[in-house]
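The structure appears below as structure tokens.
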Amino acid sequence: MKHFITLLVLALLFSCQNTAQSNKTTKKTILDAEPVVVPLEQGKAKAYFASGCFWCVEAVYESIKGVDQVINGYSGGHTNNPTYEASNTGRTGHAEAVEVIYDPNVISFSQLVDAYFASQNPTQINGQGPDKGSQYRSIIFYQNEDQKQIILEKKTALAKQLDAKIAAEVYPFQKFWVAEAYHQNYERLHPNHSYIRNVSIPRLKRFQAKFPKELLKAHH
């Protein structure tokens, strides 16, 4: 029996080591990948961000002038066709993310990155507020070298300002998986949901108090 238990423990340790090594390899592969450039459609550009619950992030970006639409989904991982249930295990590698469709003549990518940092606790690792886990980690995705430099410069400046490490990871954009239909426009469609009242709306208001008023829509 003792021999069996010893073998079982060794097997579990070996499995954990392999999983850890696999995760490291996957992350390295993602970071080394060439970014995928999403072409303009009818003059509109797309940007991708992860910062905690996508219901919250969707509401933040929908309040900004020049943003036409925000779509909730998953990105940054290594599995195909992730679902909400699978993502919540933390084993897909994906984070809850948003696709921001915007008019670059009205709002710039640089300003969207400013909104990203202004709408969160930039030092919280693997989560935002009450939402914790790798599926809620902060990631900014870039599609070209110019965007990468904008992100890195702002991240460095913020770290110096706060005298703290900034949690946001910087990934080359690869693919965005659209989330289930019931996750879309969640804050707008479910204003009385307890999470929306107690987490999403307060986070949105904190963001709006910090972001330049001239860049915010008059009504949300």
Side-chain angles (χ1 to χ4, degrees), residues 44 46-77 79-103 107 111-141 167-169 171 173 175-213 215-220:
K44 302 298 169 65
K46 295 180 180 180
Y48 300 87
F49 304 95
S51 173
C53 174
F54 45 28
W55 298 346
C56 299
V57 187
E58 176 188 44
V60 164
Y61 279 105
E62 284 185 340
S63 73
I64 299 173
K65 287 181 181 177
V67 171
D68 288 1
Q69 186 180 3
V70 182
I71 300 171
N72 292 332
Y74 315 99
S75 197
T79 56
N80 293 332
N81 302 305
T83 63
Y84 182 68
E85 288 74 17
S87 174
N88 262 350
T89 67
R91 294 195 294 266
T92 68
H94 290 292
E96 291 192 7
V98 296
E99 178 181 69
V100 179
I101 302 171
Y102 67 101
D103 185 342
I107 191 81
Q111 290 168 318
L112 293 178
V113 175
D114 288 337
Y116 175 82
F117 284 123
S119 66
Q120 62 176 285
N121 173 0
T123 64
Q124 185 174 343
I125 298 172
N126 278 347
Q128 280 298 306
D131 300 307
K132 297 177 175 63
S134 63
Q135 68 271 29
Y136 296 115
R137 72 192 188 279
S138 294
I139 311 172
I140 312 180
F141 299 90
E169 299 172 355
Y171 282 7
F173 175 70
K175 187 171 178 62
F176 178 78
W177 302 91
V178 177
E180 296 82 350
Y182 68 89
H183 284 302
Q184 310 303 330
N185 299 309
Y186 203 90
E187 184 256 3
R188 189 183 304 165
L189 295 175
H190 305 277
N192 294 317
H193 188 289
S194 60
Y195 181 93
I196 297 301
R197 290 201 317 268
N198 297 318
V199 181
S200 294
I201 292 176
R203 181 174 172 181
L204 173 63
K205 288 182 177 178
R206 288 194 300 270
F207 161 71
Q208 291 174 324
K210 290 189 289 184
F211 205 60
K213 295 292 184 289
L215 296 179
L216 294 172
K217 293 174 182 174
H219 303 284
H220 175 65

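Numbering of residues begins at 1 and proceeds along the displayed sequence.
Using a distance-only test at 3.5 Å, with no hydrogens or angles considered, no donor-acceptor pair links the side chain of K65 to the main chain of I107. Judged by distance alone, the side chain of K213 and the main-chain N or O of K210 form no donor-acceptor pair under 3.5 Å. With hydrogens and angles ignored, the 3.5 Å screen pairs no side-chain donor or acceptor of Q184 with any backbone N or O of I71.
Aromatic ring centroids of W55 and H190 lie 6.0 Å or more apart.
Residues E99 and V178 are not in side-chain contact: their nearest non-hydrogen atoms beyond the backbone lie 4.5 Å or more apart. Looking only at side-chain heavy atoms (C-beta outward), S63 and F211 stay at 4.5 Å or farther from each other. Under the 4.5 Å side-chain criterion, counting only non-hydrogen atoms from C-beta, F117 is not in contact with S138.
When the salt bridge (Lys or Arg N to Asp or Glu O under 4.0 Å) test is applied to R203, no partner is found at least two apart in sequence or on another chain. Contacts of I201 classified as side-chain contact (heavy atoms from CB on, under 4.5 Å), with partners at least two apart in sequence or in another chain: E187, I196, K205. Scanning for salt bridge (Lys or Arg N to Asp or Glu O under 4.0 Å) contacts around D103 gives an empty result, with sequence neighbours left out. Taking V67 as the reference, I64, V70, V100, Y102, L112 meet the side-chain contact (heavy atoms from CB on, under 4.5 Å) condition, with sequence neighbours excluded. Partners of P212 by side-chain contact (heavy atoms from CB on, under 4.5 Å), not counting sequence neighbours, listed by chain and number: E214, L215. With sequence neighbours excluded, the residues that form a side-chain contact (heavy atoms from CB on, under 4.5 Å) with S75 are A97, F141, F173, F176.
Tested against Y61, the residues F54, Y116, F207, F49 include a single ring-ring contact (aromatic ring centres under 6.0 Å, His included) partner, F49.
For the atom pair CD1 of I125 and OG of S134, the computed distance is 13.0 Å after rounding to the nearest 0.5 Å. Rounding to the nearest 0.5 Å gives a distance of 13.5 Å between CD of Q128 and CZ of R137. Note that the SG atom of C53 and the OH atom of Y186 stand 9.0 Å from one another [nearest 0.5 Å]. Taking CD of Q120 as the start and CZ of R206 as the end, the distance is 11.5 Å to the nearest 0.5 Å. Rounding to the nearest 0.5 angstrom, the gap separating the CD1 atom in I139 from the NE2 atom in H94 is 10.0 Å.
For the residue pair P130 and V199, the shortest heavy atom distance occurs at CG-CG2, 4.1 Å. Looking at every heavy atom in both residues, T92 comes nearest to A86 through CG2-O, 3.4 Å. Nearest heavy atoms, R188 versus P191: O-CD, 3.6 Å. What you find for K46 and Y48 is that their closest heavy atoms are CD-OH, 3.5 Å.
Side-chain contact check for T83 and N81: no donor-acceptor pair (N or O, by modelled atom type) lies under 3.5 Å. Checked by atom type, the side-chain pair Y84/N72 shows no donor-acceptor distance below 3.5 Å. For the residue pair E180 / Y182, no side-chain donor-acceptor distance below 3.5 Å is found, with atom types taken as modelled.
The aromatic rings of Y195 and H193 sit perpendicular, their planes meeting at an angle over 60°, well past the 30° parallel limit.
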